[in-house]
Amino acid sequence: MGDLWQVTLVSPPYTVLTYERPSHFPAMTPGLRVIVPLGRSHRMGVVVGPAREAPSGVEIKPLIWPLELTPILDEDYLDVADNLASRQMASVGRILEILLPRGLRTAAVTFRVDRHVAGRDLPGMVRPSELSRFSPKDLSALMELWLAGRMRVRVNAKREAEERFVSLVSDPPWAVRPNAKRQLRILEHLLDNGPQSLFALKHSLGEWAPDTAAKMEGRGLVALGELTADRLAEVDEGPGRCGEAEPPTYDLTPEQRQTLAELSATMDNGGGAHLVHGVTGSGKTVLYLEMIRASLERGRSVILLAPEVALACKLYRNVLTHFPGQRTIFYHGYQSPKKRERTFIGVAREQGPVIVVGTRSALFLPVRELGMVVMDEEHDESFKQEDRLAYHAKEVAWYRVERSGGLLVLGSATPDVKTFHAARNGAIPLSTLRERVGDAVLPEVKLVDIGSLSSGQAFAPETVKALRETVKAGGQAIVMLNRRGYAPLMYCLDCGETVRCPECEVGMTYHKGRERVVCHYCGLSYAYPLLCPKCGGSNYVPMGEGTERLEERLVEALPEGTGILRLDSDATRRQERMEEILSAFGRGEAQVLVGTQMISKGHHFPGVTLVIVADGDLGLNLPDYRSAERTFQLLVQVAGRAGRGDRPGRVLIQTRNPGHPIWNDVLSGDYPAFFEREIGRRKLFGYPPFSRLALIRISYPADCKNGPAALSAFKRVLEQYKGGLGVTVLGPAPAPLSMLRGRRRFNCLLKGGDWGALRTLFAHAAQANSDPKQVRISLDLDPLTTL
DNA sequence: AGCACGCCGACT
DNA sequence: GTCGGCGTGCTC
């Protein structure tokens, strides 16, 4: 009998099982992907190590076939997966399933044997199921071919076809028959969820979806193939479509030189995290580039992370111009599985140092010899993934550089309060950039009291005046409103009801361009105009403001012919639109850009001299411990878009609450002052960083009979164990959005000294779930929002 | 995830 | 009566 190995399955049941290495098999290393038999079928698994003894009571089966000559994954990678698994209380197999591109974790493969050598008795194509029936002699012969590289792995054609991405080619209304239900469902689904693979479409809509989508491609309703963003990024040279790359600057300011020296010191002192707090426009990108150079000189790879694709793309351009000839890789979660698969293998097979630029998922590329990770805009919430696998890129990056002795650069104008606290305590080094580069100065920020504004007006006279002046002077303006759509409420004049989502019990937002009312929480939408379900009337009045309506108001308020662009997730549903809008505005093709917080993120528009915040109070008074931090960050970031060129900028923030203490700090842009006040408040109430916070989310279908009983069972268990673990429990109480997608929701906030206690308490509660089919309970450690 | 088993509805 | 839907259960 051959030796025994532990294999973790990367598909259900995700367990670690023991298999025998058959005699024809080559030597094995952890990380090797293999096909294993399971029941009457077969799976892909990853070898984790030798098994000391055989488990009792089961028949040990032999491994079927390896999927690579040398493992793509090394022990470092498995260790990161292991770490994530223990933090998530999930199995390693489940984690690997999420981290690996689809083509690298499917067992639906065919081995193609080289035509020239496949003998008469050996077939040209072999499936895993056939391999288990081969004679030992044939298996040995085949293995010789495999080891000689004359046998290739290919993902099955049907699987492969489902990897293709479907995307919209035009905005609504679409040219389809109104009763073409399936086609409309696909179009609506794509509008709500963005481009996605046929595979994903099949899963969310049904078996019919791929066929219907293929037919729709023929009629020009959708596009099938690689994502446009991929194609953009594949153009490695030529004029940048991701915005202009900043020209190489070698004239560093004294502040920049100082920071560079400090970063180098951390790098050479065994690495670790280092916070760079630099005001907007202080030239952090140049520092990243210089540090990349330093890392490459030491023969070590670099991962450069930005919070979103457009920003990552801009950084990528910078890297390309700075390091011509260097192996650089662009990677993000919206690339097609096929492209991600190619990149993944490419990175694993790379011998020398590489530069990876991307969004948070790039952190899971199997980069070896990792010398540095840079997280630009480190405070940004998109570095935390919430769905499927909950992780914060900062924690993973921290873990990775700690293992490799690398440097983690955290850069921001408005750092995360927790990060800044660590820096203030001396736990991590801090470098500060107080001035903008070149002749640019920080903009002047002013409040505009809109308390007396009538409900039909969105802008104060002062705001309109500033906009007109800016446009007249040939400058550019940005108008931010953190609420998309036309109007957040539709009010029925006949009976006084507002349109509400039946699944979530919240108001539905009117989207004029889409001719629909949409629930922003679950995505459910109705065609508009519609009849009031209560009185049958159709006299709806839109109430409140969204970006779409704001755009309309700007058209009215500004001189005819003023170019106005809108940037929000509705305007950018089609993948390429965001780049188009951003670069059109960057080229000065429009004078006003109106949008949601999307426009606040790190973009560099030298022509912008005026920034308007249409509603500065939005989000300020939410019952969430981080609402002040979030508002400060958002406002300072958007203010930072003004005056980045040679002309000074100004910022007008409209508010109904000019007396609020936060404005002092926002007006002066004084982060340390904001921090001192905020950290005092956190200490007083025992919020992070003075405690560990976790949110338990409990939900059950609105019609579930034993839901309330399950809820009180959880409550009992939490009360029973909390004292012993030193955890404070608030709730469970109905969530602020007490109904979502037809499910009743409850939140329970846990506050404790360490993560372990919070996990343990959750484990006790989860164990007490008597009806896991209906009642869902989940844990969110360090939640972004406690709402 | 696959594949088998098992229990209900609508058809040659 | 059978065919076939998909709920449930198991996999070294």
Side-chain angles (χ1 to χ4, degrees), chain A residues 1-25 28 30-67 78 81 85 90-111 126-133 139 153-163 197-210 337 341 388-389 700-701 703-704 706 769-776:
Chain A
M1 185 159 126
D3 39 2
L4 300 180
W5 291 83
Q6 306 262 73
V7 174
T8 183
L9 302 180
V10 293
S11 58
Y14 305 117
T15 42
V16 178
L17 302 179
T18 309
Y19 289 91
E20 184 199 340
R21 181 178 67 88
S23 51
H24 59 268
F25 239 70
M28 307 236 295
L32 186 76
R33 295 179 306 130
V34 288
I35 300 280
V36 297
L38 184 71
R40 270 143 290 227
S41 65
H42 55 275
R43 290 306 147 78
M44 176 180 297
V46 174
V47 175
V48 286
R52 292 186 194 277
E53 54 187 38
S56 58
V58 279
E59 173 211 355
I60 306 285
K61 293 182 181 175
L63 295 160
I64 294 183
W65 210 257
L67 282 159
L78 291 183
S91 60
V92 184
R94 170 80 181 114
I95 301 294
L96 286 172
E97 180 189 42
I98 296 169
L99 301 190
L100 298 181
R102 203 161 24 237
L104 296 179
R105 55 163 213 252
T106 178
V109 295
T110 306
F111 296 96
V126 200
R127 285 170 182 272
S129 54
E130 294 156 359
L131 277 169
S132 38
R133 292 195 296 269
L139 282 174
V153 185
R154 250 198 82 169
V155 173
N156 291 352
K158 201 183 161 207
R159 259 317 145 93
E160 197 90 310
E162 286 181 350
E163 307 279 277
S197 65
L198 285 171
F199 184 84
L201 212 59
K202 186 174 87 178
H203 271 253
S204 32
L205 298 179
E207 292 289 328
W208 51 270
E341 181 188 322
R388 296 200 305 168
L389 168 67
Y700 49 81
D703 56 5
C704 173
N706 36 10
N769 190 357
S770 54
D771 187 4
K773 284 245 154 55
Q774 300 249 297
V775 183
R776 272 186 229 150

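What you are looking at is a predicted structure, and each value in this text was computed from that prediction instead of being measured. Chain letters run A, B, ... following the sequence lines, proteins first and then strands; every chain starts at 1.
Regarding A:Ile35, its CD1 atom lies at a distance of 16 Å from the C1' atom of C:dC12, rounded to whole Å. Between A:Leu38 atom CG and C:dC12 atom P there is a gap of 5 Å when expressed in whole angstrom units. Across the protein-nucleic acid pair, A:Met44 atom CE and C:dT11 atom C1' stand 18 Å apart, rounded to whole Å. To the nearest angstrom, P of C:dC12 lies 14 Å from CG of A:Leu4. At whole-Å resolution of the value, CD1 in A:Ile64 and P in C:dT11 are 17 Å apart. Regarding A:Glu20, its CD atom lies at a distance of 14 Å from the P atom of C:dC12, rounded to whole Å. Note: OH (A:Tyr14) to P (C:dC12) measures 17 Å, nearest angstrom.
Where DNA chain B meets chain A (any atom under 4.0 Å from a heavy atom), the bounding nucleotides read 5' to 3' are B:dA1 to B:dA4.
Interatomic distance, CZ of A:Arg94 versus OH of A:Tyr14, reported as 4.5 Å (0.5 Å rounding).
Both A:Arg40 and A:Pro13 sit near DNA chain B, but only A:Pro13 has its closest nucleotide nearer the 5' end.
Residue-level contact check: A:Glu59 touches the backbone only, with heavy atoms under 4.0 Å from sugar-phosphate atoms and none from bases.
Pairing each heavy atom of A:Met44 with each of A:Ala107, the nearest pair is N-CB, 3.6 Å.
The shortest side-chain heavy-atom distance between A:Val46 and A:Leu78 falls under the 4.5 Å cut-off. Inter-residue side-chain proximity for A:Val7 and A:Leu17 is flagged as unmet; no heavy-atom pair is nearer than 4.5 Å.
Without hydrogens or angle criteria, A:Asn769 side chain to A:Val775 main chain gives a donor-acceptor distance under 3.5 Å. The main-chain N or O of A:Gly103 is never found under 3.5 Å from a side-chain atom of A:Thr106 such that the two would form a donor-acceptor pair.
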